[in-house]
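Notes to accompany the following structure.
For reference, positions follow the sequence shown, starting with 1. What you see below is based on every heavy atom in this structure, not just the backbone, and it leaves out hydrogens, waters and symmetry mates.
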Amino acid sequence: MFATSILRSAYPAYKSPYGPKYQYQPHIDGITPKQLYRILPQAAAWTGVALFAVVYYASGIPRLRRDVLQRIPYLGERYFVNEIPASDNPF
C-alpha cells in the first residue's frame, strides 16, 4: 500500500483536453463576486424602500421630526416644522 501511494504521487493525474476546464472561483460562504454584483443593487433598493417606510411611519414622533427630519436640507426647514400652538398640541 505504501508503494502505490508513492507511485501515484510521482505521476500527475491525467487531464483530458476534452473535459471541463476547472478554475478556482473565489467566494465568501458560497457567494461569488458575480452573484454579489447581481444582488447588491436589489438589496440597496429594498433597503432604501424600507428606510423610507420607517421614516414615513415614524415621522409623527416629535423627537424624530426635530432631531432627524428637520435637519434635511431644503426639505426639513419648511415641511417638518410644526406650527401648532402648545395649547392645541397633544404632545
Side-chain angles (χ1 to χ4, degrees):
M1 181 158 174
F2 180 70
T4 58
S5 65
I6 292 174
L7 288 175
R8 285 187 187 165
S9 65
Y11 296 106
Y14 174 73
K15 191 169 187 180
S16 172
Y18 304 106
K21 309 288 189 267
Y22 292 114
Q23 294 178 350
Y24 175 73
Q25 189 168 9
H27 64 88
I28 298 173
D29 288 334
I31 299 175
T32 63
K34 184 178 180 180
Q35 291 173 333
L36 192 63
Y37 289 136
R38 192 178 71 218
I39 292 172
L40 277 179
Q42 294 174 359
W46 282 108
T47 303
V49 168
L51 180 64
F52 176 78
V54 167
V55 168
Y56 181 74
Y57 180 73
S59 65
I61 301 173
R63 179 73 183 239
L64 180 78
R65 186 183 308 139
R66 183 176 56 251
D67 292 346
V68 177
L69 299 177
Q70 285 183 357
R71 295 175 191 249
I72 298 173
Y74 302 111
L75 180 66
E77 298 164 355
R78 293 172 286 170
Y79 185 72
F80 293 109
V81 175
N82 194 0
E83 298 290 336
I84 299 175
S87 59
D88 294 336
N89 194 353
F91 295 106

Any chance you could pull the hydrophobic cluster mates of I31, using side-chain heavy atoms under 4.5 angstrom and chaining through other members? L36, L40

For P26 versus P33, what's the shortest heavy-atom pair and its separation? O-CD, 3.3 Å

List the residues meeting side-chain hydrogen bond (donor to acceptor under 3.5 Å, both in side chains) with R38, not counting sequence neighbours, and say none if there are none. none

Could you tell me which residues satisfy side-chain contact (heavy atoms from CB on, under 4.5 Å) with T47, sequence neighbours excluded, listed by chain and number? none

Flag yes if L69 and F52 sit in one hydrophobic cluster, no otherwise; membership is Ile, Leu, Val, Met, Phe, Trp, Tyr, and two members link when side-chain heavy atoms are under 4.5 Å apart. no

Check residues 54-68 and write down every donor-acceptor pair under 3.5 Å in which the side-chain atom is one partner and the other belongs to a residue at least two apart or another chain.
residue, atom, partner, partner atom, Å
S59, OG, Y56, O, 3.0
R63, NE, D67, OD2, 2.5
R65, NE, S59, O, 3.4
R65, NH2, S59, O, 3.4
R65, NH2, G60, O, 3.4

Over 12 non-hydrogen atoms of neighbours within 6.0 angstrom of OH in Y18: no

Going by the salt bridge (Lys or Arg N to Asp or Glu O under 4.0 Å) test, which pairs reach into residues 12-36, not counting sequence neighbours? none

For residues 41-51, which residue pairs qualify under salt bridge (Lys or Arg N to Asp or Glu O under 4.0 Å), counting only residues two or more places apart or in two chains? none

